[in-house]
Every structure is written in structure tokens, then in C-alpha cells.
Amino acid sequence: MIIHYKRPDVMNVEEVTERAEPRAFSPQDDMPEEYRKAATRMIQFHANSEIMGAYLERPFIRQSPSLDRKLAFSAKVQDEIGHGQLLYRAAESLGIKTREEMLDELAAGDGKFLNCFHYPMTEWWETPMIAFFVDGAAMRRQATIKRTSWEPYAHAMDKICFEEGFHIKHGEDIMRELATGTRRERQLLQSAFEEWWPRILQFFGPTDDQSTHHDFADRVGLKTMSNDELRQAFLNAYLPKAEKYGLEIPDEPRIREEEGRYVVEEDDLDWEEFWEIASNEYAGSHEQIDSRAAAQDAVAWARKALDRPHGS
Amino acid sequence: MTANQLPGPDELTERERKTVEALVFGLADDEFVLAERYTEWQVRAPTLESDLALSNIAQDELGHARLWYDLLEEFGYTESELLFERDPAEFTHAAFVELPFEEGDWADAVLRGYLYDTAEQLRLGALEDASYPRITDRIGKITEEESYHREHAQNWLERLCDDPEGRENVQAATDRLFPHALALFEPVDPDREAAIQELGLRSEPLADLREQWCAITVPFLDSLGVRAPVSEDGTLPELPDDHGRSSAHTGHWPALHEELTRTYRELDRTDTPTITSDPDHAQ
């Protein structure tokens, strides 16, 4: 339970803006509510995404085609849960919500998470789409969060980025295996890529002028790079990698090169679906959220037993 | 003990090799199938902390399975033959480890862990002086990890049994699992069981290990207010017909095997990639 009390020496937003720099603020600072809420929203989204990403990948522990892959997949899913744990702790340190409240919101369908984790993933050859491309995209964003102004968030990112590096290597290894496999394996990989590519481009969210929360988060140093800059960095690194593995980049969404920059034709992307997903209203959202909620509900009795004072 | 030491994998006689196999297949298959079931709890355990703990345990068991399968690979088997292309009816694990978890039945998960790891401690203890060094090489690492698993399971059982609903769930799991757990002490190949001791592989007969196991588990459960289905005079419940080992498996096993070989079959794989170093050489 969080105790709210009035603090006379709370920093105002102007002061925060002035002092904002990497890892500038910690629980010792009296941050204004606006900052604490914005940071909570950002970190909770991140934590939820770790949990829902793990949920999406867990069936592939079983479906792994070798013992080593099974071990690696199990360890990856475990790491993501560990990241969720760290991030909820970083979010809790802002004093707005408890972990329990955030997990309850996730189960109730009120917690937001990354667009890519709302889509079903059923086949092994789809796994590099998450484990290589989406994780690679996430890595771009996470690396910049090492410089966020909320120190506990930046601190969590040190460990998370370290582990994500291994995940991406694992994802790339699965992709290499498929890309150098039989003709059929290459075809399956290509079709998975075509299906996931637009979603991956939307990973970074809407272009800057549509982003509602960016301005404030940018001013107070929570965010250090815009969505568009992040997507540039991702495309610079990952378009060549996709080509290296023999993947053909789909004609749509159109991507032009202008003065050394990639310009994605935004109108070629399905933003209606993106916003449907962002409000947890997509068909896949219900499926992922509800089945996870049902699993959580089924073990509520064990949590209750755990909460009981020991020896009573 | 060194006087009766068996030679390396290539120098064993046919009888010696078959006897080692009869022992090791059971160890490997138990660990593998139990781990496979454990992973079902990933992203589904009661709390994030218990999720992480059970994931660790599942990976430990997978690691142990790998250690034992590697030993079988020294006899010329491939991982594909051992896991992905073996007829599910040929697997030698106790059906105890293949039983599915009912949704939310965390009592089953921790009780199964407790019963299994207690059995594991005893059977590994009886292999500590095994005459085949490739077996003894592996015991230390596995025993250490299993003792952490047992502690984890015991702590959970104590917490659950402090709560009336929790204790009821543990009792229900005990009624269901206990008779199946006895199969952990059934031989993989009854014809080779005598040779396992004659060749100095296992120091004690399975029946003695089972007795020791009961002497630990029954009083522990009793201390939690949970009754194992053992009569006053110590008579054990009958083994279920489909208890695995050299007998039939339950219908849950072919279904599980079908799922876990799905990608392998759909991609027409004929071998399995190795992506980590050989644990025998890794430091």
C-alpha cells in the first residue's frame, strides 16, 4: 500500500525541466505528480510488454526442435519475466501504483503493452520476428532509456539491455538456421516476415506529431529520442540484416531513401488497427489478455495462501 | 571400488552397455519429461518470483536430462534418435512426470517437485560410487541443484498447508500423485535390474530406496496435516496400470510427445542443432 502525504518541498515542473539529465532523479527527490505519473505510464507500459511478450513466446519452449533451443527459449521467457519484475519495481518507486495494481490492470485489460504482442504467433518460423526484429527494435529504444532521468528506470535498463543482447543473438541464430535451410524453410521465413514487417515498423508508434505524451516526457528527460529517430536507427541497422539473410523487403509499406534517411510512407500502414490495438480492442488483444488473466486467476488461491501470515 | 571399475564407453561388453543404458535411460527420460511439464508454469505461476524459481528448476532438469542423454550419445545414439524420433512408447520415464497439470493446480507442481526431488536425492545417493565413471562425474552437480529444488518445494508446501484451502489442494494432489510417484522406483528393464547391482552401478535395490523415500515423505506430509495414501501397517497403494517405465504410459504422453516434436516434424528435420558447448567440457 502506498501512503500519499503532502510534501512542502516538491519540485515544480520548471525545476525538473531545468535539472533533467540522465539519471538525475531518484526516490530521494520530491518529484511533482505530473512527472511521477508520466514516468509510471512509461515504465508500466514497458513492464507489461515484457510479461505479454513472454506470454506470446512461451509455447515455443515446447515446440523447440532441439534440447538446446528448448533450454534457450525457457531461459529467454524467464529473463522477460525477470525484466517485468525489475521494471514494476522501478515503476513502484514513483509512488503512484503498486505492482499488484499494475498486474491487476494488465489482467483486467486496462494495462497497455507493445503492439506486436497483440498478434497471435503460432509457428516456429515466426519466432525470429519477435526474437530478432522486435527485440532488436526494443533494444534501440532501451539503449536510449539508459539515459532517462528516472534513475531506477535507467538502472533496470543496465541489466535488461545486457540480457537482451543474448536474446537477439539467439533470435538471429534461429533465423540463420531457417534462412540457410531448405527451400521450404526459406519460404516460410519470408512469408512470416511479410506478415510481421508492417507491425514491426509500427513498433515505434505514430510519427512524432501524433504522439500525445512525447512533449512532456522529452522535456523532463524521461525520453531521450523521438519515435522517428528510433525507427531511423532501427532501419539503418536491420534493413541490411534482413537482406543479409535473403529476406525480400515487401513493396509496401513503401520506404524511400531521402538524403541518407529512410522515409516510411505512413499511409501504407494500418493505423486504424494500430489504435485499436493501443486501446486493447483488437481481437488478438482479447485473446492474449484474457487467457493470461484466466491463468492468473486460476492460481489466485496460492497467492492468497502466500499472503497469509506464516504460522497462523 | 576401483578394482571393479567399468571401462570407457567404447570398451564395454554388450551386457555392460545394455545395463548402463537400462539405468541411464530412466534417469534421462524422467528429467526430460518432468522439465517439459514444468515449463508449462512459465508465465503462469502464482507470482513473478515463483515464476522465476520454477523456470530455474525446469532449466536445471533440462540440463540434467542433457547430461544423461550425452552419456547415451557416447553409445552412438543421436539427440534426434533419443528425443524426436523415438517412439513415445519406448520412453522409460515414470508416468508420474508426464501427468498434465490441471489449470491453476500449483499444489500439484510443488508436491510433484517435492516427491520427485526426494526420490532423486536417494537414487543419486545410491549411484555415488557407481562403477561407471561417466555416471559418477555427473552426480555432484545434479545433487547440489536438486537439494535447492527440494528446499523450494518444501517451503511452498509449508506455506500452502498453512491455509485451509491450500491444504485441501495439497491433499487432493497427494491422493492423485502418490501412487504414481511409487513408479519412480520401478525398473526400466526388470531383466537387467539384478545386473545394475552386480556390476556395481547402483549400491542399493530399488525397493530399499522406495522404503527410505516413504520414511521421509510420509512423515513430512503428515507434519503438514496431509495424509499420504499409505495404510496404518505401512501397506503402499497399488501402482496404477499405466505407470510408465517398462509398462504402458498414460494417454497424456503420446499427446505431449506429439506437441514437443511438432516443429521438428513440420520442418522435416533429421538432426538437432547444438548451440551451446558440451557440458562435459564447459567450465
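Chain letters run A, B, ... following the sequence lines, proteins first and then strands; every chain starts at 1.
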Any idea which heavy atoms bring [X] and [Y] closest together, and the distance?
| X | Y | answer |
| --- | --- | --- |
| B:Q59 | A:S74 | NE2-OG, 2.9 Å |
| A:W301 | B:W106 | CZ2-N, 3.8 Å |
| B:L52 | A:Q85 | CD1-OE1, 3.3 Å |

Answer yes or no: is there a side-chain heavy-atom contact under 4.5 Å between [X] and [Y]?
| X | Y | result |
| --- | --- | --- |
| B:R44 | A:R58 | yes |
| A:R62 | B:L256 | yes |
| B:L82 | A:L67 | no |
| A:E57 | B:Q42 | no |
| A:T182 | B:D268 | no |
| A:D68 | B:T272 | no |
| A:Q63 | B:L260 | no |
| A:V299 | B:W41 | yes |

Got more than 12 heavy atoms from elsewhere within 6.0 Å of [atom1], [X]?
| X | atom1 | answer |
| --- | --- | --- |
| B:F75 | CZ | yes |
| A:Q187 | CD | yes |
| A:K304 | NZ | yes |
| B:E165 | CD | yes |

Interatomic spacing from [atom1] in [X] to [atom2] in [Y] - rounded to 0.5 Å:
| X | Y | atom1 | atom2 | result |
| --- | --- | --- | --- | --- |
| B:L62 | A:F73 | CG | CZ | 14.0 Å |
| B:L54 | A:Q78 | CG | CD | 9.5 Å |
| B:D51 | A:E80 | CG | CD | 12.0 Å |
| A:I81 | B:L48 | CD1 | CG | 6.0 Å |
| A:R303 | B:S50 | CZ | OG | 8.5 Å |
| A:L71 | B:E61 | CG | CD | 11.5 Å |

If I measure from the heavy atoms of chain A, does [X] come under 4.5 Å with its side chain, its backbone, both, or neither?
| X | value |
| --- | --- |
| B:A107 | both |
| B:N169 | side chain |
| B:E79 | side chain |
| B:E40 | both |

With a 4.5 angstrom heavy-atom cut-off, which part of [X] approaches chain B: side chain, backbone, both or neither?
| X | result |
| --- | --- |
| A:S64 | backbone |
| A:L178 | side chain |
| A:Y88 | side chain |

Going by an N to O cut-off under 4.0 Å, is there a salt bridge joining [X] and [Y]?
| X | Y | answer |
| --- | --- | --- |
| A:R99 | B:E49 | yes |
| A:K70 | B:E36 | yes |
| B:D163 | A:R308 | yes |
| A:R184 | B:E266 | no |

Interface residue of largest heavy-atom contact number with chain B, from A:A298, A:A295, A:P65, under 4.5 Å: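 If we count pairs closer than 4.5 Å to chain B, A:P65 comes out on top.
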So which of B:D271, B:V110, B:L267 has the biggest tally of heavy-atom pairs under 4.5 Å with chain A?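 Among B:D271, B:V110, B:L267, the one with the most close pairs to chain A is B:L267.
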